[in-house]
2 protein chains.
Amino acid sequence: MKLGEGVEAAIHCAAMLAGVEGNSTMSGAAMAEAFGLSPSYLLKHLNQLTTAGILESVSGPAGGYRLARPAERITLLDIVLAVEGREPAFRCGEIRQRGPVKLDAKAYVKPCGINAAMLKAERAYRAALAEAKLSDIVADFMNHADPRTVAASCAFVERHQRPQKVQQPSKRER
Amino acid sequence: MKLGEGVEAAIHCAAMLAGVEGNSTMSGAAMAEAFGLSPSYLLKHLNQLTTAGILESVSGPAGGYRLARPAERITLLDIVLAVEGREPAFRCGEIRQRGPVKLDAKAYVKPCGINAAMLKAERAYRAALAEAKLSDIVADFMNHADPRTVAASCAFVERHQRPQKVQQPSKRER
DNA sequence: CTATTGCAGATAAAAATTATCCATGATAAG
DNA sequence: CTTATCATGGATAATTTTTATCTGCAATAG
């Protein structure tokens with residue numbers, strides 16, 4: 001059982017984006033630099049987060065990414081599923097029916113007990129991930145991590161976040 | 001996140017071996033046939049189970065595999081770890097320290113909170129697998145599966161299990 | 001207009017998984 | 001003692017997945 005490296009990258013990026021103020025953004029290139037990752041590949045994962053509705057993206061200069069909703073409403077499960085896909089880790093190949101003895105299909109309507117047990121464990125895994133809010137991760141980092149790393153992280157965000165153009169209210173909304 | 005196909009094969013084989021009587025064995029070839037699997041590859045997985053102490057193997061004609069201990073004391077976790085390895089699915093690459101800002105190593109003595117959260121979820125997964133005993137899987141199959149599949153499975157075991165040579169007690173033990 | 005940025009798709013490189021083969025040693029049976 | 005069966009271990013190949021790069025395109029701030 002293995003999780004791709006993209007998961008780690010995605011969570012770290014989301015945590016960092018939780019630090020940007022208001023509707024400012026941070027570019028994918030900046031985050032790639034922050035974590036020593038390949039920019040072009042990181043974009044793929046960020047895009048998965050965007051597609052999943054976890055991040056919002058802004059094109060153009062001063063563009064980048066920001067959280068699509070408050071960190072309190074983003075869980076590690078959201079991120080893991082966005083990056084790794086929603087399929088369970090255990091995929092039942094129904095090898096029980098692949099033997100030489102042919103029984104008609106009706107004999108196999110009951111789901112495989114092994115599959116059921118494996119999926120039950122996976123539900124426990126996902127439930128635990130669903131408990132972990134991004135805001136908890138960030139708060140824990142702020143409160144308990146080494147002050148130097150916190151300071152460095154905040155400085156990086158401060159330096160790379162980019163305020164967005166103020167929305168000009170249209171005539172009709174004035 | 002993905003589990004290899006070997007896990008499914010290994011669990012099915014272990015469940016089947018739970019049905020062989022006494023110290024009889026069943027050959028790897030027979031199990032490969034039962035599930036329509038590649039014999040030479042299945043042997044690899046069976047060997048992993050043997051190495052892990054879940055199965056016992058017997059060489060020679062009439063040889064094969066049997067459970068190394070009662071099915072009550074074999075869990076799905078035992079099997080999954082034997083086949084997939086014991087490392088956690090989430091491996092922290094410490095990308096937090098891979099950025100351009102160099103802090104000395106002492107700033108990173110505290111473990112990464114993201115890693116901690118991911119590992120916690122994984123403990124929940126493993127705990128659930130540790131709850132699932134092979135004997136439960138087998139009992140559930142016997143009691144609730146379609147009677148035809150149960151009959152077919154029992155017949156297969158009956159046909160392929162091989163009694164072992166009786167142990168001749170040595171003079172000194174008599 | 002121009003430079004920057006995200007996006008989609010094609011493609012390539014690297015790694016892991018799945019599968020096969022062969023030589024070897026063990027052993028039951030003739 | 002010979003033969004046939006079976007697990008083991010190592011080498012190797014085929015296949016799939018993961019990781020990474022590149023290019024052209026659309027969006028947009030200045």
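Letters A, B, ... mirror the listed sequences (proteins, then strands); counts begin at 1.
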Checklist outcome for this item: When every non-hydrogen atom of B/Cys112 is compared with those of B/Cys92, the smallest separation belongs to CB-SG, 4.2 Å
Next on the checklist: Please tell me if A/Asn47 has a side-chain N or O lying less than 4.0 Å from either OP1 or OP2 of C/dA8.
Outcome noted: yes
Checklist entry - C/dC7 phosphate, OP1 or OP2: any side-chain N/O from A/Tyr65 under 4.0 angstrom? => result yes
Checklist entry - Which whole-number value in Å describes the distance from A/Leu42 CG to D/dT21 C1'? => result 14 Å
Item to check | From C/dC7, D/dA29, D/dA11, nucleotide with atom closest to A/Ala62 side chain | outcome: D/dA29
Checklist entry - Rounding to a whole Å, what distance do you find between A/Gln164:CD and D/dA29:P? => result 8 Å
Next on the checklist: Regarding A/Glu122 and A/Lys120, does a basic nitrogen lie under 4.0 Å from an acidic carboxylate oxygen?
Outcome noted: no
Checklist entry - Considering only C/dC7, D/dT21, D/dT8, which nucleotide approaches the side chain of A/Tyr41 most closely? => result D/dT21
Item to check | Residue among B/Arg86, B/Arg69, B/Arg126 satisfying salt bridge (charged side-chain N to carboxylate O under 4.0 Å, His left out) with B/Asp78 | outcome: B/Arg69
Item to check | Length of the NE2-C1' vector between A/His45 and C/dA8, whole Å | outcome: 16 Å
Checklist entry - Just wondering, do A/Tyr125 and B/Met1 contact through their side chains at under 4.5 Å, heavy atoms? => result yes
Item to check | Separation of C/dA8 C1' from A/Gln48 CD (nearest whole Å) | outcome: 13 Å
Item to check | Upstream residue (5' side of DNA chain C) when A/Gly63 and B/Pro61 are each assigned their closest nucleotide | outcome: A/Gly63
Item to check | B/Arg162, nearest nucleotide to its side chain (from C/dT5, D/dT19, D/dC6) | outcome: D/dC6
Item to check | First of A/Met26 and A/Lys2 reached from the 5' end of DNA chain C, by closest nucleotide | outcome: A/Met26
Next on the checklist: Can you measure A/Lys44 atom NZ to C/dG6 atom C1' for me and round it to whole angstrom units?
Outcome noted: 11 Å
Item to check | Options C/dG6, D/dT21, C/dA19, nucleotide nearest the side-chain atoms of A/Ser38 | outcome: D/dT21
Checklist entry - When you check the gap from the basic side-chain N to the acidic O, do B/Arg66 and B/Glu56 get nearer than 4.0 Å? => result yes
Next on the checklist: Output the rounded distance in Å from CZ (A/Arg91) to C1' (D/dT17).
Outcome noted: 11 Å
Item to check | Shortest side-chain distance from A/Ser59, nucleotide among C/dT18, D/dT28, D/dT8 | outcome: D/dT28
Item to check | A/Ser27 side-chain proximity, nearest of C/dA19, D/dT8, C/dT5 | outcome: C/dT5
Item to check | Closest to the A/Ser40 side chain, choosing from D/dT8, D/dT21, D/dC6 | outcome: D/dT21
Checklist entry - Expressed in angstrom and rounded to an integer, what is the separation of A/Arg66 atom CZ from C/dG6 atom P? => result 12 Å
Checklist entry - Can you check the A/Leu43 CG to C/dT4 P distance for me, whole Å? => result 16 Å
